[in-house]
Amino acid sequence: MSKLTQLPAWHALWDHFNDAKNLHMRELFDSDPARAERYSLEVGGLFLDYSKNRITDATLQGLMQLAREAGLPARIKAMFKGEKINSTEHRAALHVALRNRTNSPILVDGEDVMPKVNSVLSRMGKFAHAVRSGEWLGYTHQPITDIVNIGIGGSDLGSLMVCSALKPFGHPRMNMHFVSNVDGAQLKETLKKVHPETTLFVVESKTFTTQETLTNALTARDWFVARARDEKAVAKHFVAVSTNKKAVADFGIDPANMFEFWDWVGGRYSLWSAIGLPIMLYLGEENFTELLNGAHIMDQHFANAPFEQNMPVLLAMIGVWYINYYGGGSHVIAPYDQYLHRLPAFIQQLDMESNGKQTMLDGAPVDFETAPIIWGETGINGQHAFFQLLHQGTHISPIDLICSLQNSSSLPGHHEILLANVFAQAEAFMRGKTADEARSELEAQGLTGEALEALVPHKVFAGNRPTNTLLMDRLDPRNLGSLIAAYEHKIFVQGVIWHINSFDQWGVELGKQLAKTIHAELAGKLKSAPHDSSTKALIERYRRANAQ
Ligand code: F6P
């Protein structure tokens, strides 16, 4: 038995679950008019209503007790202090240092990391200013109009999501492009849209060994040199962001054009570091600082607020309630904001790469569920697609409905419709529709007798489906920073409860290793390697297709 499943609070929660599992939220709302007020909180410009969850005061007390017994207070302190909580890689996980706006010292191996954090931020700021102001010129003395970010996973999704989310704050001259896929189609289509004289390529890779990124970067470089006809021009059009200076130099990018970060910044937690350079280029230093400020507000709240009023802790522990007690294995991210359309993909990497683990810190296998499957889409589009399953399917999948109170499109009429749908969905998921209600509706439509009774079961909604409603005052850099940090910490808390390391990702390695051999076979550099019959047949089929 794991440490977790031996905790008294774990068992007490099972007893409580057996009593409470059939409670319906309708009844909980009916019996407590103050429920919404009691089960909501505000941090900076972010408001969370968690009242539409299958929880009572006893549930929350039990969950917070579990958090304490699982050692959460000490783990939070350890993270903020720069202890090497990423134990399999012997590294700290210090994204909080990247937005430590008080600048208080944070030590790693006895060295305060803040001076280097500040120095890189200041270099990024100067560079971004030069590019944005038009002072930084391309090889034909024209200002930069297009930024092409080449990177994948954490070296893509954070900047892509933030630049999409904050488009109204973007520089009007700057067009942002993101190339992550090694399928040449993405780079090819991007290169059709840009001109070598006015394009800046930002090659981002923590390791600078990622095959997809290096392949895309090499092709982009060849494309550029073929047009500029001058190797020296590369310096004006290629910069790199990495922890690996040597690999950047070997690749042919002048280390003077490299922005550094450190091994204590996890890839999926790196948008606050130099990996956020595309964000700064697009939004400017001031807005990037606001993003950091927003994250810092959430960091302070997370580190200091009592668990009962702590947004990331509440989100995490309510998640644990569904995952470990109800057995709900998925979680939906549904932003009701077109600008946030990449948020589900970003949170998907953040959560699933962090907590998609089955081995605990001590090397023993887990005997409980860990990370849920994160999926989603803009809510309004989801309503006309997969929400059917969420309302009437057999799975319980908690949903985060995320939106902002202020209209960001400025087109009249749209925002009220959008928000009416957010609130209506949350209400519908909670209340459902009883058979009696369905019957009355059908009667009002003139149906009677057998025809009416045949339809009733199909019109019933069980309800009692959990949602969190997250409202931003408006979608701006500060509030987005707070929102992202809230999810980062939520994921950290769940990792602590499950005694897993949220900061490594060994599960991505096996496929990479096998692809190396298979690539050699497909490229004709290796005749054949031992494989199962299926893999062998697929390789043969590819070879035959390409021989023709
Ligand atoms: O393969 C997974 C992964 O290592 C992610 O964790 C990471 O964000 C991504 O690939 C890109 O890695 P890098 O920044 O080193 O190119």
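Sequence positions, counted from 1, serve as the residue numbers for this chain. Side chains included, hydrogens not; waters and symmetry mates left out as well; all remaining heavy atoms used.
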Would you check if there is a donor-acceptor pair between the side chains of N86 and E89 at a distance under 3.5 Å?
-> yes
Show me the donor-acceptor pairs within less than 3.5 Å that the side chains of residues 255-269 make with the rest of the protein, sequence neighbours left out.
unit_1 : atom_1 : unit_2 : atom_2 : d
N257   : ND2    : A235   : O      : 2.7
R268   : NE     : S354   : OG     : 2.7
R268   : NH1    : E353   : OE1    : 2.9
R268   : NH1    : Q505   : OE1    : 2.7
R268   : NH2    : E353   : O      : 3.4
R268   : NH2    : S502   : O      : 3.0
R268   : NH2    : D504   : O      : 3.0
R268   : NH2    : Q505   : OE1    : 3.4
Y269   : OH     : S354   : OG     : 2.7

Go through the side-chain N and O atoms of T102 and N100 and say whether any donor and acceptor fall under 3.5 Å apart.
-> yes
Is R123 paired with E285 through a side-chain N to carboxylate O contact shorter than 4.0 Å?
-> no
Distance (rounded to the nearest 0.5 Å) between D337 CG and I380 CD1 | 11.5 Å
Below 4.5 Å, heavy atoms only, C-beta onward: do Q349 and I374 meet side chain to side chain?
-> no
Under the 6.0 Å and 45° cation-pi test, does K236 pair with W136?
-> yes
For the residue pair D183 and Q186, confirm or rule out a side-chain donor-acceptor distance under 3.5 Å.
-> no
Determine whether the side chains of N421 and Q383 contain a donor N or O and an acceptor N or O closer than 3.5 Å.
-> yes
Drop me the distance from S242's OG to I275's CD1, to the nearest 0.5 angstrom.
-> 7.5 Å
L200 side chain near F238 side chain, heavy-atom distance below 4.5 Å = no
Heavy-atom neighbours of Q358 CD exceed 12 at 6.0 Å = no
Reported CE-to-CD distance for the pair M64 and Q309, which is rounded to 0.5 angstrom = 10.0 Å
Tell me yes or no: between the side chains of H499 and D362, is some donor less than 3.5 Å from an acceptor?
-> no
Under 3.5 Å side-chain donor-acceptor pair for Y487 and D400 | yes
Between D299 and R101, is there a side-chain N and carboxylate O pair less than 4.0 Å apart?
-> no
Working to the nearest 0.5 Å, report the span between CG of L94 and CZ of F503.
-> 9.5 Å
Does a donor on one side chain and an acceptor on the other come within less than 3.5 Å for N118 and N103?
-> yes
Validation row: M176, C163 side chains within 4.5 angstrom (heavy atoms) | yes
For the atom pair CG (L401) and OG1 (T469), what is the distance rounded to the nearest 0.5 Å?
-> 5.0 Å
Is the closest basic N to carboxylate O distance between R91 and E83 below 4.0 Å?
-> no
Could you tell me whether the side chains of N149 and S159 share a donor-acceptor contact shorter than 3.5 Å?
-> no
Ring pair (Phe, Tyr, Trp, His ring centres under 6.0 Å) between F288 and W272: does it pass, once the steps are laid out?
-> CA-CA 8 Å; F288 190 80; W272 324 97; 7.9 Å; no
Could you list the donor-acceptor pairs under 3.5 angstrom formed between side-chain atoms of residues 243-250 and any protein atom two or more places apart in sequence or on another chain?
unit_1 : atom_1 : unit_2 : atom_2 : d
T243   : OG1    : K206   : O      : 2.5
N244   : OD1    : A247   : N      : 3.1
N244   : ND2    : T207   : O      : 2.9
K246   : NZ     : D250   : OD2    : 2.8

Only one of W223, Y139, F201 passes ring-ring contact (aromatic ring centres under 6.0 Å, His included) with H237, and that residue is Y139
Between N381 and T378, does any side-chain donor sit less than 3.5 Å from a side-chain acceptor?
-> yes
Answer whether the closest heavy-atom distance between the side chains of V96 and R99 falls below 4.5 Å.
-> yes
May I have the step-by-step check of side-chain hydrogen bond (donor to acceptor under 3.5 Å, both in side chains) for N407 and S409, ending in yes or no?
-> CA-CA 6 Å; N407 183 359; S409 77; 3.2 Å; yes
Find the distance between OG1 (T145) and NE2 (H171) and round it off to the nearest 0.5 Å.
-> 11.0 Å
Does the pair R229 and E197 meet the rule for a salt bridge (charged side-chain N to carboxylate O under 4.0 Å, His left out), with working shown?
-> CA-CA 11 Å; R229 295 167 194 274; E197 304 102 284; over 6 Å; no
4.5 Å side-chain heavy-atom contact, C403 and L471 = yes
Are R478 and E286 within salt-bridge range, i.e. N to O under 4.0 Å?
-> no
Close side-chain approach of L166 and I279, heavy atoms under 4.5 Å | no
If you measure only the distance, is there a donor-acceptor pair under 3.5 Å linking the side chains of E212 and T210?
-> no
Take L340 and L475 through the side-chain contact (heavy atoms from CB on, under 4.5 Å) test and state the conclusion after the steps.
-> CA-CA 9 Å; L340 286 176; L475 179 50; 3.9 Å; yes
